[in-house]
Amino acid sequence: MSESAPGAVTGLEENLWPLTARLEADGVMSVGGVRVDALAAEFGTPAFVLDEADFRARATAWRQAFADCDVYYAGKAFLCRAFARWVDEEGLRLDVCTGGELAVARSVGFPAERLLFHGNNKSLGELRAAVEYRVGRIVVDSFVEIERLAAVAAAAGIRQRVLVRVTPGVEAHTHSYISTGQEDQKFGFSLAGGAAARAVAAVLAESGLELVGLHAHIGSQIFDTAGFGLAAHRMVGLLARIRDEHGVELPELDLGGGLGIAYTSEDAPLDVEEVAERLIALVGKECAALGLTVPRLGVEPGRALVGSSTVTLYEVGTVKELPGLRTYVSVDGGMSDNIRTALYDARYTARLVSRPGAATTQVVTLVGRHCESGDVVAHDVPLPGDVRPGDLVAVPASGAYHRSMASNYNHVPRPPVIAVRDGTARVIVRRETEDDLLRLDADPPDPAVSVTSAERADSREARVAR
Ligand SMILES: *Cc1c(COP(=O)(O)O)cnc(C)c1O
(Lines give C-alpha, C1' and ligand atoms only; values in the text may rest on other atoms or scores of the structure.)
Protein backbone atom coordinates (compact mmCIF):
# COMPACT_ATOMS: atom_id res chain seq x y z
CA MET A 1 0.00 0.00 0.00
CA SER A 2 2.94 2.32 0.49
CA GLU A 3 3.55 2.51 -3.26
CA SER A 4 1.20 5.51 -3.34
CA ALA A 5 3.38 8.59 -2.96
CA PRO A 6 5.40 7.70 0.10
CA GLY A 7 6.55 10.69 2.12
CA ALA A 8 10.32 11.14 1.82
CA VAL A 9 11.14 11.14 5.51
CA THR A 10 8.36 9.33 7.26
CA GLY A 11 7.60 6.58 4.77
CA LEU A 12 4.00 7.77 4.88
CA GLU A 13 1.74 9.48 2.37
CA GLU A 14 1.98 13.24 2.60
CA ASN A 15 -0.86 15.36 4.01
CA LEU A 16 -2.62 12.35 5.40
CA TRP A 17 -0.89 11.49 8.66
CA PRO A 18 -0.22 13.65 11.72
CA LEU A 19 2.90 15.80 11.69
CA THR A 20 5.00 13.51 13.90
CA ALA A 21 3.79 10.14 12.53
CA ARG A 22 6.70 7.92 11.49
CA LEU A 23 7.38 4.36 10.50
CA GLU A 24 10.00 2.92 12.84
CA ALA A 25 12.75 0.60 11.58
CA ASP A 26 10.64 -2.49 12.33
CA GLY A 27 7.68 -1.11 10.37
CA VAL A 28 5.65 -0.09 13.43
CA MET A 29 4.11 3.38 13.33
CA SER A 30 4.85 5.92 16.00
CA VAL A 31 3.04 9.19 16.66
CA GLY A 32 4.42 11.88 18.94
CA GLY A 33 7.39 9.60 19.53
CA VAL A 34 5.19 6.83 20.94
CA ARG A 35 4.86 3.48 19.20
CA VAL A 36 1.32 2.42 18.43
CA ASP A 37 1.94 -1.12 19.68
CA ALA A 38 2.85 0.37 23.05
CA LEU A 39 -0.26 2.57 22.96
CA ALA A 40 -2.49 -0.39 22.20
CA ALA A 41 -0.91 -2.45 24.98
CA GLU A 42 -1.32 0.30 27.55
CA PHE A 43 -4.66 1.83 26.59
CA GLY A 44 -6.43 -0.80 24.50
CA THR A 45 -8.21 -0.33 21.20
CA PRO A 46 -10.02 1.30 19.58
CA ALA A 47 -8.40 4.58 20.57
CA PHE A 48 -8.05 8.05 19.14
CA VAL A 49 -4.39 9.06 19.13
CA LEU A 50 -4.03 12.83 18.95
CA ASP A 51 -0.72 14.40 17.92
CA GLU A 52 -0.50 17.53 20.05
CA ALA A 53 2.33 18.99 17.97
CA ASP A 54 0.23 18.63 14.82
CA PHE A 55 -2.63 20.65 16.29
CA ARG A 56 -0.32 23.31 17.70
CA ALA A 57 1.51 23.69 14.38
CA ARG A 58 -1.78 24.19 12.55
CA ALA A 59 -2.97 26.67 15.17
CA THR A 60 0.22 28.67 14.62
CA ALA A 61 -0.18 28.53 10.84
CA TRP A 62 -3.76 29.81 11.06
CA ARG A 63 -2.92 32.57 13.48
CA GLN A 64 -0.05 33.73 11.29
CA ALA A 65 -1.98 33.48 8.03
CA PHE A 66 -4.93 35.37 9.51
CA ALA A 67 -2.72 37.67 11.55
CA ASP A 68 -5.03 40.64 12.07
CA CYS A 69 -8.15 38.53 12.08
CA ASP A 70 -10.00 36.50 14.70
CA VAL A 71 -9.46 32.75 14.40
CA TYR A 72 -12.18 30.83 16.20
CA TYR A 73 -11.67 27.11 16.61
CA ALA A 74 -15.05 25.43 15.94
CA GLY A 75 -15.43 23.38 19.08
CA LYS A 76 -17.98 20.98 17.67
CA ALA A 77 -15.20 19.27 15.67
CA PHE A 78 -13.68 17.98 18.92
CA LEU A 79 -13.72 19.39 22.41
CA CYS A 80 -12.60 18.38 25.87
CA ARG A 81 -10.96 20.28 28.70
CA ALA A 82 -7.36 19.65 27.68
CA PHE A 83 -8.11 20.65 24.12
CA ALA A 84 -9.95 23.82 25.15
CA ARG A 85 -6.85 24.76 27.17
CA TRP A 86 -4.61 24.22 24.13
CA VAL A 87 -6.93 26.42 22.07
CA ASP A 88 -6.59 29.13 24.71
CA GLU A 89 -2.80 28.70 24.97
CA GLU A 90 -2.46 29.01 21.21
CA GLY A 91 -4.24 32.36 21.35
CA LEU A 92 -7.22 31.12 19.36
CA ARG A 93 -10.81 31.97 20.05
CA LEU A 94 -13.45 29.29 20.49
CA ASP A 95 -16.84 28.88 18.95
CA VAL A 96 -19.43 26.78 20.71
CA CYS A 97 -22.91 25.88 19.56
CA THR A 98 -24.58 24.31 22.60
CA GLY A 99 -24.78 24.71 26.33
CA GLY A 100 -22.72 21.53 26.62
CA GLU A 101 -19.83 22.91 24.59
CA LEU A 102 -20.11 26.14 26.56
CA ALA A 103 -19.92 24.11 29.78
CA VAL A 104 -16.58 22.63 28.68
CA ALA A 105 -15.25 26.12 27.96
CA ARG A 106 -16.51 27.45 31.29
CA SER A 107 -15.04 24.53 33.18
CA VAL A 108 -11.53 25.55 32.14
CA GLY A 109 -12.21 29.26 32.55
CA PHE A 110 -11.87 29.90 28.83
CA PRO A 111 -11.78 33.70 28.46
CA ALA A 112 -15.40 34.69 27.86
CA GLU A 113 -14.48 37.58 25.60
CA ARG A 114 -12.93 35.12 23.11
CA LEU A 115 -16.04 32.91 22.90
CA LEU A 116 -18.63 32.94 20.17
CA PHE A 117 -21.97 31.17 20.53
CA HIS A 118 -23.81 29.79 17.49
CA GLY A 119 -26.79 27.65 16.73
CA ASN A 120 -30.16 27.81 15.03
CA ASN A 121 -32.14 26.88 18.13
CA LYS A 122 -30.38 27.91 21.31
CA SER A 123 -32.65 27.45 24.28
CA LEU A 124 -33.53 30.19 26.70
CA GLY A 125 -31.41 28.40 29.30
CA GLU A 126 -28.43 28.30 26.94
CA LEU A 127 -28.79 31.99 26.09
CA ARG A 128 -28.97 32.80 29.80
CA ALA A 129 -25.88 30.73 30.50
CA ALA A 130 -24.00 32.45 27.68
CA VAL A 131 -25.00 35.94 28.82
CA GLU A 132 -24.24 35.10 32.43
CA TYR A 133 -20.72 33.99 31.43
CA ARG A 134 -20.41 37.18 29.33
CA VAL A 135 -19.68 35.33 26.11
CA GLY A 136 -18.04 37.81 23.74
CA ARG A 137 -20.36 37.32 20.81
CA ILE A 138 -23.62 35.56 20.11
CA VAL A 139 -24.64 34.82 16.54
CA VAL A 140 -28.37 35.33 16.20
CA ASP A 141 -30.10 32.99 13.81
CA SER A 142 -33.86 33.78 13.91
CA PHE A 143 -36.24 36.63 14.65
CA VAL A 144 -37.58 34.83 17.68
CA GLU A 145 -34.06 34.52 19.02
CA ILE A 146 -33.40 38.24 18.61
CA GLU A 147 -36.33 38.96 20.93
CA ARG A 148 -35.35 36.20 23.33
CA LEU A 149 -31.76 37.33 23.56
CA ALA A 150 -32.76 40.97 23.99
CA ALA A 151 -34.93 39.95 26.95
CA VAL A 152 -32.14 37.85 28.47
CA ALA A 153 -29.62 40.68 28.08
CA ALA A 154 -32.07 43.18 29.59
CA ALA A 155 -32.68 40.90 32.56
CA ALA A 156 -28.92 40.61 33.08
CA GLY A 157 -28.55 44.35 32.70
CA ILE A 158 -25.94 44.14 29.94
CA ARG A 159 -25.60 44.97 26.28
CA GLN A 160 -24.79 41.78 24.40
CA ARG A 161 -22.60 41.90 21.34
CA VAL A 162 -24.25 40.15 18.43
CA LEU A 163 -23.52 38.97 14.90
CA VAL A 164 -26.29 38.23 12.43
CA ARG A 165 -26.04 34.88 10.67
CA VAL A 166 -26.58 35.42 6.96
CA THR A 167 -27.29 32.80 4.31
CA PRO A 168 -25.41 34.22 1.34
CA GLY A 169 -26.91 31.84 -1.25
CA VAL A 170 -23.63 30.13 -2.11
CA GLU A 171 -23.63 26.46 -2.91
CA ALA A 172 -20.53 24.90 -1.46
CA HIS A 173 -19.57 21.86 -3.52
CA THR A 174 -19.78 19.40 -0.71
CA HIS A 175 -22.25 16.87 0.71
CA SER A 176 -25.72 18.39 1.19
CA TYR A 177 -25.72 17.51 4.90
CA ILE A 178 -22.69 19.73 5.45
CA SER A 179 -23.55 22.44 2.95
CA THR A 180 -25.02 25.47 4.69
CA GLY A 181 -24.74 28.44 2.34
CA GLN A 182 -27.61 27.79 -0.07
CA GLU A 183 -31.04 29.36 0.40
CA ASP A 184 -33.11 26.32 1.31
CA GLN A 185 -31.85 25.35 4.75
CA LYS A 186 -32.41 25.87 8.43
CA PHE A 187 -29.51 28.17 9.25
CA GLY A 188 -29.44 31.93 9.19
CA PHE A 189 -31.32 34.76 7.48
CA SER A 190 -31.59 34.78 3.73
CA LEU A 191 -29.68 37.54 1.99
CA ALA A 192 -31.58 37.37 -1.29
CA GLY A 193 -35.00 37.12 0.38
CA GLY A 194 -34.40 40.23 2.47
CA ALA A 195 -34.59 38.49 5.84
CA ALA A 196 -30.96 39.35 6.60
CA ALA A 197 -31.61 43.08 6.16
CA ARG A 198 -34.71 42.85 8.37
CA ALA A 199 -32.78 40.94 11.03
CA VAL A 200 -30.14 43.67 11.03
CA ALA A 201 -32.85 46.30 11.54
CA ALA A 202 -34.43 44.22 14.31
CA VAL A 203 -31.11 43.90 16.18
CA LEU A 204 -30.36 47.60 15.76
CA ALA A 205 -33.76 48.38 17.30
CA GLU A 206 -32.93 46.46 20.49
CA SER A 207 -31.15 48.60 23.04
CA GLY A 208 -29.86 45.50 24.86
CA LEU A 209 -28.09 44.22 21.76
CA GLU A 210 -25.01 45.68 20.12
CA LEU A 211 -24.71 44.66 16.49
CA VAL A 212 -21.00 44.19 15.78
CA GLY A 213 -21.09 42.34 12.50
CA LEU A 214 -22.28 39.71 10.09
CA HIS A 215 -21.60 36.02 9.98
CA ALA A 216 -21.74 33.38 7.24
CA HIS A 217 -20.68 29.75 7.07
CA ILE A 218 -21.15 28.15 3.69
CA GLY A 219 -20.34 24.54 4.50
CA SER A 220 -17.61 22.03 5.25
CA GLN A 221 -14.88 20.04 3.56
CA ILE A 222 -14.48 22.67 0.83
CA PHE A 223 -11.56 22.49 -1.61
CA ASP A 224 -11.80 25.67 -3.66
CA THR A 225 -11.77 29.33 -2.71
CA ALA A 226 -14.47 30.40 -5.17
CA GLY A 227 -17.31 29.79 -2.72
CA PHE A 228 -15.61 31.69 0.08
CA GLY A 229 -14.88 34.54 -2.33
CA LEU A 230 -18.46 34.78 -3.54
CA ALA A 231 -19.78 34.69 0.01
CA ALA A 232 -17.32 37.41 1.06
CA HIS A 233 -18.34 39.53 -1.93
CA ARG A 234 -22.02 39.32 -1.05
CA MET A 235 -21.42 39.96 2.63
CA VAL A 236 -19.40 43.09 1.89
CA GLY A 237 -22.27 44.25 -0.33
CA LEU A 238 -24.64 43.81 2.60
CA LEU A 239 -22.29 45.75 4.88
CA ALA A 240 -22.44 48.64 2.40
CA ARG A 241 -26.24 48.52 2.25
CA ILE A 242 -26.41 48.54 6.05
CA ARG A 243 -24.19 51.61 6.08
CA ASP A 244 -26.40 53.30 3.50
CA GLU A 245 -29.66 52.44 5.26
CA HIS A 246 -28.72 52.77 8.91
CA GLY A 247 -25.62 54.92 8.87
CA VAL A 248 -23.54 52.30 10.69
CA GLU A 249 -20.38 50.57 9.54
CA LEU A 250 -20.26 47.18 11.22
CA PRO A 251 -16.75 46.42 12.47
CA GLU A 252 -16.71 42.62 12.07
CA LEU A 253 -17.22 40.08 9.30
CA ASP A 254 -17.03 36.40 10.21
CA LEU A 255 -16.75 34.11 7.20
CA GLY A 256 -17.09 30.82 9.08
CA GLY A 257 -15.16 27.61 8.64
CA GLY A 258 -15.20 24.81 6.13
CA LEU A 259 -11.72 24.39 4.74
CA GLY A 260 -11.26 20.78 3.66
CA ILE A 261 -8.58 18.29 4.68
CA ALA A 262 -7.18 15.13 3.10
CA TYR A 263 -8.91 11.91 4.07
CA THR A 264 -7.24 9.93 1.31
CA SER A 265 -4.26 10.74 -0.90
CA GLU A 266 -6.74 11.81 -3.59
CA ASP A 267 -7.80 14.90 -1.62
CA ALA A 268 -5.77 18.06 -2.24
CA PRO A 269 -6.48 20.52 0.56
CA LEU A 270 -5.93 24.23 0.11
CA ASP A 271 -3.11 26.00 1.87
CA VAL A 272 -4.27 28.18 4.73
CA GLU A 273 -1.79 30.89 3.68
CA GLU A 274 -3.27 30.97 0.20
CA VAL A 275 -6.86 31.09 1.40
CA ALA A 276 -6.05 33.85 3.89
CA GLU A 277 -4.21 35.93 1.35
CA ARG A 278 -7.02 35.71 -1.19
CA LEU A 279 -9.82 36.41 1.26
CA ILE A 280 -8.08 39.32 2.92
CA ALA A 281 -7.18 40.84 -0.45
CA LEU A 282 -10.68 40.36 -1.81
CA VAL A 283 -12.43 41.89 1.18
CA GLY A 284 -9.95 44.80 1.15
CA LYS A 285 -10.55 45.47 -2.53
CA GLU A 286 -14.33 45.29 -2.32
CA CYS A 287 -14.45 47.53 0.73
CA ALA A 288 -12.26 50.08 -1.02
CA ALA A 289 -14.57 50.06 -4.02
CA LEU A 290 -17.57 50.71 -1.78
CA GLY A 291 -15.85 53.23 0.45
CA LEU A 292 -16.20 50.98 3.51
CA THR A 293 -13.78 50.70 6.39
CA VAL A 294 -12.38 47.16 6.16
CA PRO A 295 -14.04 45.08 8.90
CA ARG A 296 -12.07 42.79 11.16
CA LEU A 297 -12.32 39.36 9.58
CA GLY A 298 -13.18 36.24 11.51
CA VAL A 299 -12.76 32.61 10.47
CA GLU A 300 -13.90 29.43 12.19
CA PRO A 301 -11.85 26.40 11.21
CA GLY A 302 -12.81 23.16 12.91
CA ARG A 303 -11.77 20.26 10.73
CA ALA A 304 -8.77 22.10 9.30
CA LEU A 305 -7.30 22.58 12.77
CA VAL A 306 -7.92 19.19 14.36
CA GLY A 307 -8.93 16.73 11.64
CA SER A 308 -5.47 15.64 10.56
CA SER A 309 -4.06 15.54 14.09
CA THR A 310 -5.62 12.25 15.01
CA VAL A 311 -5.53 8.62 13.92
CA THR A 312 -7.93 5.96 15.11
CA LEU A 313 -6.14 2.84 16.19
CA TYR A 314 -8.13 -0.36 15.76
CA GLU A 315 -7.35 -4.03 16.24
CA VAL A 316 -8.34 -6.47 13.51
CA GLY A 317 -10.67 -9.16 14.82
CA THR A 318 -11.71 -11.16 11.76
CA VAL A 319 -10.85 -11.43 8.08
CA LYS A 320 -13.60 -12.82 5.90
CA GLU A 321 -12.90 -13.58 2.26
CA LEU A 322 -15.95 -13.87 0.02
CA PRO A 323 -14.59 -15.49 -3.15
CA GLY A 324 -15.37 -13.43 -6.24
CA LEU A 325 -16.88 -10.65 -4.15
CA ARG A 326 -14.65 -8.97 -1.60
CA THR A 327 -12.73 -9.35 1.62
CA TYR A 328 -14.12 -7.91 4.82
CA VAL A 329 -11.64 -6.96 7.50
CA SER A 330 -13.44 -6.31 10.79
CA VAL A 331 -12.05 -4.04 13.45
CA ASP A 332 -13.09 -3.49 17.06
CA GLY A 333 -14.84 -0.13 16.51
CA GLY A 334 -16.90 1.22 13.63
CA MET A 335 -19.87 3.51 13.17
CA SER A 336 -19.95 4.32 16.90
CA ASP A 337 -16.54 6.03 16.62
CA ASN A 338 -16.76 7.07 12.96
CA ILE A 339 -20.25 7.84 11.68
CA ARG A 340 -18.95 9.89 8.75
CA THR A 341 -18.62 6.97 6.34
CA ALA A 342 -22.24 5.93 6.86
CA LEU A 343 -23.61 9.46 7.18
CA TYR A 344 -21.81 11.29 4.37
CA ASP A 345 -20.46 8.38 2.35
CA ALA A 346 -17.07 9.79 3.35
CA ARG A 347 -13.91 8.19 1.96
CA TYR A 348 -11.15 6.99 4.23
CA THR A 349 -8.00 5.01 3.97
CA ALA A 350 -6.22 2.82 6.50
CA ARG A 351 -2.86 1.28 7.05
CA LEU A 352 -1.43 -1.74 8.82
CA VAL A 353 0.72 -0.13 11.52
CA SER A 354 1.91 -2.91 13.83
CA ARG A 355 4.24 -4.63 11.35
CA PRO A 356 5.36 -4.15 7.74
CA GLY A 357 3.04 -6.80 6.27
CA ALA A 358 3.39 -8.71 3.03
CA ALA A 359 4.50 -6.87 -0.12
CA THR A 360 1.39 -7.98 -2.00
CA THR A 361 -1.71 -5.91 -1.34
CA GLN A 362 -5.40 -6.70 -1.49
CA VAL A 363 -8.21 -4.19 -1.66
CA VAL A 364 -10.54 -4.82 1.26
CA THR A 365 -13.58 -3.30 2.94
CA LEU A 366 -12.75 -2.26 6.45
CA VAL A 367 -15.84 -2.76 8.60
CA GLY A 368 -16.78 -2.27 12.21
CA ARG A 369 -18.33 -4.53 14.82
CA HIS A 370 -21.84 -3.10 14.85
CA CYS A 371 -25.08 -4.85 13.97
CA GLU A 372 -25.64 -3.03 10.71
CA SER A 373 -24.24 -3.79 7.28
CA GLY A 374 -23.74 -0.06 6.65
CA ASP A 375 -21.17 -0.13 9.43
CA VAL A 376 -18.21 0.52 7.14
CA VAL A 377 -15.08 2.30 8.33
CA ALA A 378 -13.44 2.54 4.93
CA HIS A 379 -14.32 1.29 1.46
CA ASP A 380 -11.72 -0.19 -0.89
CA VAL A 381 -8.64 0.01 1.25
CA PRO A 382 -5.41 -1.54 0.02
CA LEU A 383 -3.97 -3.57 2.89
CA PRO A 384 -1.16 -6.13 2.88
CA GLY A 385 -2.32 -9.53 1.63
CA ASP A 386 -1.52 -11.17 4.95
CA VAL A 387 -3.57 -8.90 7.21
CA ARG A 388 -4.80 -11.01 10.11
CA PRO A 389 -6.47 -10.94 13.53
CA GLY A 390 -4.39 -9.13 16.12
CA ASP A 391 -2.96 -6.65 13.62
CA LEU A 392 -3.28 -2.98 14.41
CA VAL A 393 -4.77 -0.77 11.73
CA ALA A 394 -4.76 3.03 11.80
CA VAL A 395 -7.22 5.35 10.07
CA PRO A 396 -5.85 8.86 9.53
CA ALA A 397 -7.76 12.16 9.58
CA SER A 398 -10.00 11.11 12.46
CA GLY A 399 -9.65 14.19 14.63
CA ALA A 400 -12.74 16.10 13.55
CA TYR A 401 -16.33 14.87 13.91
CA HIS A 402 -15.26 11.42 15.09
CA ARG A 403 -15.10 11.48 18.89
CA SER A 404 -17.51 14.42 18.93
CA MET A 405 -20.09 12.47 16.92
CA ALA A 406 -19.39 9.14 18.61
CA SER A 407 -22.33 7.16 19.94
CA ASN A 408 -23.01 4.23 22.21
CA TYR A 409 -24.79 2.25 19.53
CA ASN A 410 -24.93 -1.40 20.53
CA HIS A 411 -23.87 -0.33 24.02
CA VAL A 412 -20.31 0.00 22.84
CA PRO A 413 -18.24 2.24 25.12
CA ARG A 414 -16.73 5.21 23.32
CA PRO A 415 -12.95 5.15 22.79
CA PRO A 416 -10.52 7.32 24.71
CA VAL A 417 -8.55 10.22 23.27
CA ILE A 418 -4.86 9.86 23.96
CA ALA A 419 -2.64 12.87 23.42
CA VAL A 420 0.91 12.04 22.39
CA ARG A 421 3.82 14.41 22.46
CA ASP A 422 7.62 14.10 22.76
CA GLY A 423 7.54 10.42 23.57
CA THR A 424 4.81 10.53 26.18
CA ALA A 425 1.15 9.61 26.05
CA ARG A 426 -1.60 11.13 28.16
CA VAL A 427 -5.27 10.22 28.27
CA ILE A 428 -7.27 13.43 27.80
CA VAL A 429 -10.64 11.71 27.45
CA ARG A 430 -10.83 8.33 29.13
CA ARG A 431 -12.42 5.23 27.65
CA GLU A 432 -16.01 4.70 28.65
CA THR A 433 -16.70 1.66 30.79
CA GLU A 434 -19.68 -0.62 31.03
CA ASP A 435 -20.45 1.14 34.32
CA ASP A 436 -20.63 4.42 32.42
CA LEU A 437 -23.08 2.86 30.02
CA LEU A 438 -25.31 1.60 32.84
CA ARG A 439 -25.11 4.79 34.90
CA LEU A 440 -28.10 6.44 33.20
CA ASP A 441 -30.32 3.40 33.69
CA ALA A 442 -32.98 4.48 36.16
CA ASP A 443 -33.85 0.95 37.26
CA PRO A 444 -31.47 -0.57 39.79
CA PRO A 445 -29.66 -3.78 38.84
CA ASP A 446 -30.97 -7.14 39.94
CA PRO A 447 -29.79 -7.58 43.54
CA ALA A 448 -28.79 -11.13 42.73
CA VAL A 449 -26.48 -9.99 39.93
CA SER A 450 -23.32 -12.00 40.28
CA VAL A 451 -20.80 -10.14 38.15
CA THR A 452 -19.30 -7.18 40.00
CA SER A 453 -18.00 -4.21 38.11
CA ALA A 454 -14.47 -5.21 39.19
CA GLU A 455 -14.93 -8.59 37.59
CA ARG A 456 -16.22 -6.95 34.46
CA ALA A 457 -13.18 -4.70 34.44
CA ASP A 458 -10.93 -7.75 34.83
CA SER A 459 -12.46 -9.47 31.88
CA ARG A 460 -11.96 -6.30 29.86
CA GLU A 461 -8.28 -6.20 30.79
CA ALA A 462 -7.99 -9.83 29.79
CA ARG A 463 -9.49 -9.01 26.41
CA VAL A 464 -7.15 -6.10 25.94
CA ALA A 465 -4.10 -8.12 26.97
CA ARG A 466 -4.93 -10.99 24.64
C1 LIG B 1 -19.34 23.51 11.59
C2 LIG B 1 -19.10 24.94 11.62
C3 LIG B 1 -17.78 25.42 11.54
C4 LIG B 1 -16.58 24.53 11.34
O5 LIG B 1 -16.63 23.84 10.15
P6 LIG B 1 -15.36 23.02 9.64
O7 LIG B 1 -15.79 22.43 8.37
O8 LIG B 1 -15.05 22.00 10.69
O9 LIG B 1 -14.25 24.00 9.49
C10 LIG B 1 -17.60 26.78 11.64
N11 LIG B 1 -18.64 27.62 11.79
C12 LIG B 1 -19.92 27.18 11.89
C13 LIG B 1 -21.01 28.15 12.05
C14 LIG B 1 -20.18 25.84 11.79
O15 LIG B 1 -21.44 25.41 11.86
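The model shown is predicted, which means the values in this text are computed figures rather than measured ones. Every number for a ligand or one of its atoms is a count from 1 in the order of the listing.
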Colleague: So, Arg241 and Glu245, do they make that salt bridge, N to O below 4.0 Å?
Modeller: no

Colleague: On a heavy-atom basis, I'd like to know which of Arg303, Gln221, Glu300, His118 is closest to atom 11 (N) of ligand 1.
Modeller: Glu300

Colleague: According to ring-ring contact (aromatic ring centres under 6.0 Å, His included), does anything in residues 80-107 pair up with another residue at least two apart or in another chain? List the pairs.
Modeller: Phe55-Phe83, Tyr73-Phe83, Phe78-Phe83, Phe83-Trp86

Colleague: Output the list of atoms in ligand 1 that are nearer than 4.0 Å to some heavy atom of Ala74, sorted by atom number.
Modeller: 3 (C), 4 (C), 10 (C)

Colleague: Is the closest heavy-atom distance from Gly258 to ligand 1 below 4.0 Å?
Modeller: yes

Colleague: State the atoms of ligand 1, each with its element, that fall below the 4.0 Å cut-off from a heavy-atom position in Tyr401.
Modeller: 1 (C), 4 (C), 5 (O), 6 (P), 8 (O)

Colleague: State whether the shortest distance between N or O atoms of Arg165 and N or O atoms of ligand 1 falls below 3.5 angstrom.
Modeller: no

Colleague: Polar contacts were defined as any N/O atom of the residue lying under 3.5 Å from an N/O atom of the ligand; does this apply to Gly302 and ligand 1?
Modeller: yes

Colleague: Does Asp436 come within less than 4.0 Å of Arg439, counting only side-chain N to carboxylate O?
Modeller: yes

Colleague: Going by the rule side chain to side chain donor-acceptor pair (under 3.5 Å), which residues pair with Ser330 if we only count those two or more places apart in sequence or in a different chain?
Modeller: Thr318

Colleague: Please identify which atoms of ligand 1 are closer than 4.0 Å to at least one heavy atom of Lys76.
Modeller: 1 (C), 2 (C), 3 (C), 14 (C), 15 (O)

Colleague: Counting only heavy atoms, which portion of Ser220 has something under 4.0 Å from ligand 1: side chain, backbone, both, or neither?
Modeller: both

Colleague: Among Glu113, Arg106, Arg114, whose side chain to side chain contact (heavy atoms under 4.5 Å, CB included) with Phe110 holds?
Modeller: Arg114

Colleague: Answer with yes or no whether Phe187 contacts ligand 1, where contact means a heavy atom under 4.0 Å from a ligand atom.
Modeller: no

Colleague: Quick check: does any side chain N or O of Glu145 sit under 3.5 Å from a backbone N or O of Asp141, one acting as donor and the other as acceptor?
Modeller: yes

Colleague: With Tyr314 as reference, evaluate Asp332, Asp337, Thr45 under the side-chain hydrogen bond (donor to acceptor under 3.5 Å, both in side chains) test and give the passing residue.
Modeller: Asp337

